[in-house]
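Just so it is clear, the model here is predicted, and its values are computed rather than measured. Both ligands and their constituent atoms are indexed starting at 1 by order of listing. Heads up: numbering here begins at 1 and tracks the sequence.
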Amino acid sequence: MARCYCHWRRVLFFVCTPCISLALLFVYITAMLFAAMNETSTSGTAVRGLDAVYFVASGSSSKTFWDLHLHGDAFWNRLQRTLDNHFNPILCPNNTKRGFENGTFNESLLTQGFSKVINLESTSRNLDQLPQQIQEFITHMQRRDYPALLQPDGVCGAGRKEEKEAPLLLLAIKSTEQNFLNRQAIRQTWGQAGWVAGPKRKGNGGEGGGYVRRVFLLGRGSTEELGGNALQMESEQYGDILQWDFKDTFFNLTLKDVLFWSWFKDSCSRTRFVFKGDDDVFVNTPKLMSYLRDQLKKPHKTLRDFMVGDVIAAAVPNRFNESKYFIPDSFYKGLYPMYAGGGGVVYSGLLAKRLHDISKRLYLFPIDDVYVGMCMVRLNAHPVHHDAFLTFDFPNKEEEELCSYHTILLVHKRRPDEVVKLWVHVKKTQAQCWGVALRVPLSNDTATV
Ligand SMILES: *[C@@H]1O[C@H](CO)[C@@H](O)[C@H](O)[C@H]1NC(C)=O
Ligand SMILES: *[C@@H]1O[C@H](CO)[C@@H](O)[C@H](O)[C@H]1NC(C)=O
Ligand SMILES: *[C@@H]1O[C@H](CO)[C@@H](O)[C@H](O)[C@H]1NC(C)=O
Ligand SMILES: *[C@@H]1O[C@H](CO)[C@@H](O)[C@H](O)[C@H]1NC(C)=O
């Protein structure tokens, strides 16, 4: 009796298990087929099905690979989803490597997606309703092959003299034609190229230094006749100007990142780290040098992903239409991804090259910091927050302390004359403040990542 019961249980087991497995497989395949079919049949207005499954677009603080939120009706989200789906390893397994092999930019893919979405948009919604700045952005967002007007002659920025090792740091500073004074102040102070020593005390030559290069990133200014010639002379004298032929506007700043990465890959491949920042900040370069020396001791994997700055997580797009950061929700929906904002960020040369590659799979986004964050999401890399990047200046009266500027790597914003004064101050107090540590979070709960 007991044996018989056992026998039936075994039969049931052997019959049912494959049945259940097959049923599950069937459900999975059906779901995948539906997703794939929807993807290829967007000629009409049947985009709705697409919203169900897509590669994590952006702005989600969740760690999931698949995301179900329905932000599909905003212009940029819809546009980017055509690309994300194309490179989705599950929906299109054959495409994941494409576009990476020889670094060529698959422009036709971007154009295809763009015209498809633009057609849908013009029937369903009036793009003319968008603010002027966004419209301007949309009409030019497909183009990124602007030629360089001025560039350091085949080398990676100013500062190449008797270097005995690969440059430790390239300072890539966003500037504009009219900000000559900012550039001069930087050249004389924290942006000096050549060998830079780490923090010094008496009798110590400065530990943990390295070679520094410098380049300013510019677009085309509006005062053409005046500016053009002067900038050319400046370029000849200092060899640190990298200027492209696009209008230097706020919503064109992302072009500076994308074009800079491309130039970096060609001209700077040995450089270990990049600082990318504004021309109205003060950087404690000696401290930064010793901080970066320490990073070099970390494993290759860490360096591949290395980005540090003032990290902002789960930011909400600015919906205030008077702001220069204004992004209407018909253009972009959802939160912004984690990104390093405000004034300056440091990343490894290895990461710069990876950002260059991945940027070919992302439509330009009008806010540059956010765009870099979107690239990071797709590289599955996370920027690291450091309290020594002071985007919003010193809290309270901390600035007045003697060694305050030795506890930071960057502070935003400083005028050119302030930069010069601060540099003198930092040099003067260097021996006294030699040992002070970089700022750390005041309370544990702000220590992210
Ligand atoms: C994907 O690649 C494999 C092998 O390279 C090929 O046999 C297959 O037909 C491709 N599939 C599609 C959908 O292109
Ligand atoms: C690589 O480059 C060659 C010619 O330069 C081109 O024919 C080929 O299509 C490219 N491959 C990819 C995947 O872009
Ligand atoms: C960006 O630059 C291009 C080329 O100069 C220009 O036509 C376009 O209007 C600029 N875009 C914005 C948003 O200003
Ligand atoms: C901002 O929005 C308000 C009301 O929504 C509108 O009256 C105003 O004209 C807008 N301003 C701009 C600059 O678009």
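In this structure the side chain of Phe137 never reaches within 4.5 angstrom of the side chain of Gln133, judged on heavy atoms. Within the 4.5 Å cutoff, the side chain of Leu168 has no heavy atoms near those of the Val212 side chain.
The disulfide bond (SG atoms under 2.5 Å apart) search around Cys375 returns none, not counting sequence neighbours.
The contact shell of ligand 3, taken as protein residues with any non-hydrogen atom closer than 4.0 angstrom, comprises Glu136, Phe137, His140, Tyr146, Arg220, Phe246, Lys247, Thr249, Phe251, Asn252.
Both the sub-6.0 Å distance and the 45° axial angle are satisfied by Arg361 relative to the ring of Phe87.
Ligand-side atoms of ligand 4 in range of Asn321: 1 (C), 2 (O), 3 (C), 8 (C), 10 (C), 11 (N), 12 (C), 14 (O), range being under 4.0 angstrom from any heavy atom.
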Subject >> Intermediate values then yes/no, side chain to side chain contact (heavy atoms under 4.5 Å, CB included), Tyr336 and Asp369 >> reply: CA-CA 10 Å; Tyr336 285 150; Asp369 300 344; over 6 Å; no

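Taking a 6.0 Å sphere around CZ of Arg272, one finds it holds 12 or fewer heavy atoms contributed by other residues, nucleotides or ligands.
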